[in-house]
Amino acid sequence: MKRILVFLLFFNYLCTGQSITIPQDKLLHAGGCYAISATTSSIVYNITEDRKKAFIYGVLSSVIIGGVKELHDINHGDSNWGDMGANVVGGVLGSFTVVVRF
């Protein structure tokens with residue numbers, strides 16, 4: 001019975017894992033904003049020692065920079081709301097997970 005249960009759980013994991021693909025462009029947006037927000041929130045936290053302020057400034061910095069990039073892409077590239085969503089996700093994750101003490 002244990003083997004059947006393990007097989008079903010593993011088989012379900014394999015089937016669902018292969019159907020979800022995230023475009024490389026969205027990963028680049030999320031990764032760039034992750035780095036921006038993590039850096040900004042670490043700097044703000046080291047200056048102010050306030051986690052809430054560091055989180056807010058980290059997310060805002062990545063969303064503003066990502067938004068400016070999307071405004072530039074309106075005339076010079078391919079701009080869409082999915083890119084801005086990836087910017088927000090990367091910014092929130094970067095500010096939430098990383099605080100580096102200098």
Side-chain angles (χ1 to χ4, degrees):
M1 185 67 174
K2 288 182 184 179
R3 288 182 183 175
I4 294 172
L5 182 63
V6 169
F7 174 75
L8 289 175
L9 290 173
F10 187 71
F11 183 74
N12 186 25
Y13 174 74
L14 287 176
C15 291
T16 58
Q18 293 176 356
S19 64
I20 298 172
T21 57
I22 300 173
Q24 184 178 6
D25 180 48
K26 305 300 184 266
L27 293 174
L28 290 172
H29 279 273
C33 286
Y34 182 94
I36 291 168
S37 67
T39 304
T40 304
S41 63
S42 293
I43 291 170
V44 171
Y45 182 73
N46 286 326
I47 292 171
T48 64
E49 297 289 328
D50 185 7
R51 289 188 185 271
K52 185 184 264 186
K53 191 180 283 189
F55 179 80
I56 291 169
Y57 281 121
V59 172
L60 283 178
S61 67
S62 67
V63 169
I64 289 170
I65 291 172
V68 169
K69 197 248 185 239
E70 289 305 310
L71 289 175
H72 175 75
D73 281 349
I74 289 173
N75 296 327
H76 299 92
D78 182 27
S79 176
N80 60 23
W81 284 104
D83 292 344
M84 197 62 200
N87 293 338
V88 171
V89 168
V92 169
L93 290 176
S95 290
F96 184 70
T97 59
V98 178
V99 173
V100 178
R101 291 188 153 271
F102 295 105

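Position 1 is the first residue of the sequence; numbering continues from there.
Sorted pairs that involve residues 37-64 and meet ring-ring contact (aromatic ring centres under 6.0 Å, His included), not counting sequence neighbours, are lacking altogether. Listed by first and then second residue, the ring-ring contact (aromatic ring centres under 6.0 Å, His included) pairs that reach into residues 61-98 are H72-H76, sequence neighbours excluded.
Interatomic distance, NZ of K53 versus CD1 of I47, reported as 10.5 Å (0.5 Å rounding). A distance of 11.0 Å separates SG of C33 from CD1 of I64, quoted to the nearest 0.5 Å. Remark: S37 OG to I56 CD1 distance equals 13.5 Å, nearest 0.5 Å. Atom CD1 of I36 and atom CG of L60 lie 13.0 Å apart (nearest 0.5 Å).
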Quiz prompt | CA sep, side-chain torsions, deciding dist, call: E70, N87, side chain to side chain contact (heavy atoms under 4.5 Å, CB included) | solution = CA-CA 10 Å; E70 289 305 310; N87 293 338; 4.1 Å; yes
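When all heavy atoms of A86 and H29 are compared, the pair lying nearest together is CB-CB, 3.9 Å.
Both V92 and M84 are part of a single hydrophobic cluster, where members link through side-chain heavy atoms under 4.5 Å apart. Both V88 and V59 belong to a common hydrophobic cluster when Ile, Leu, Val, Met, Phe, Trp and Tyr are linked at side-chain heavy-atom distances under 4.5 angstrom.
Checked by atom type, the side-chain pair Y34/T97 shows a donor-acceptor distance below 3.5 Å.
Within 6.0 Å of atom CD in Q24, 12 or fewer heavy atoms from other residues, nucleotides or ligands are found, so the atom counts as exposed in its surroundings.
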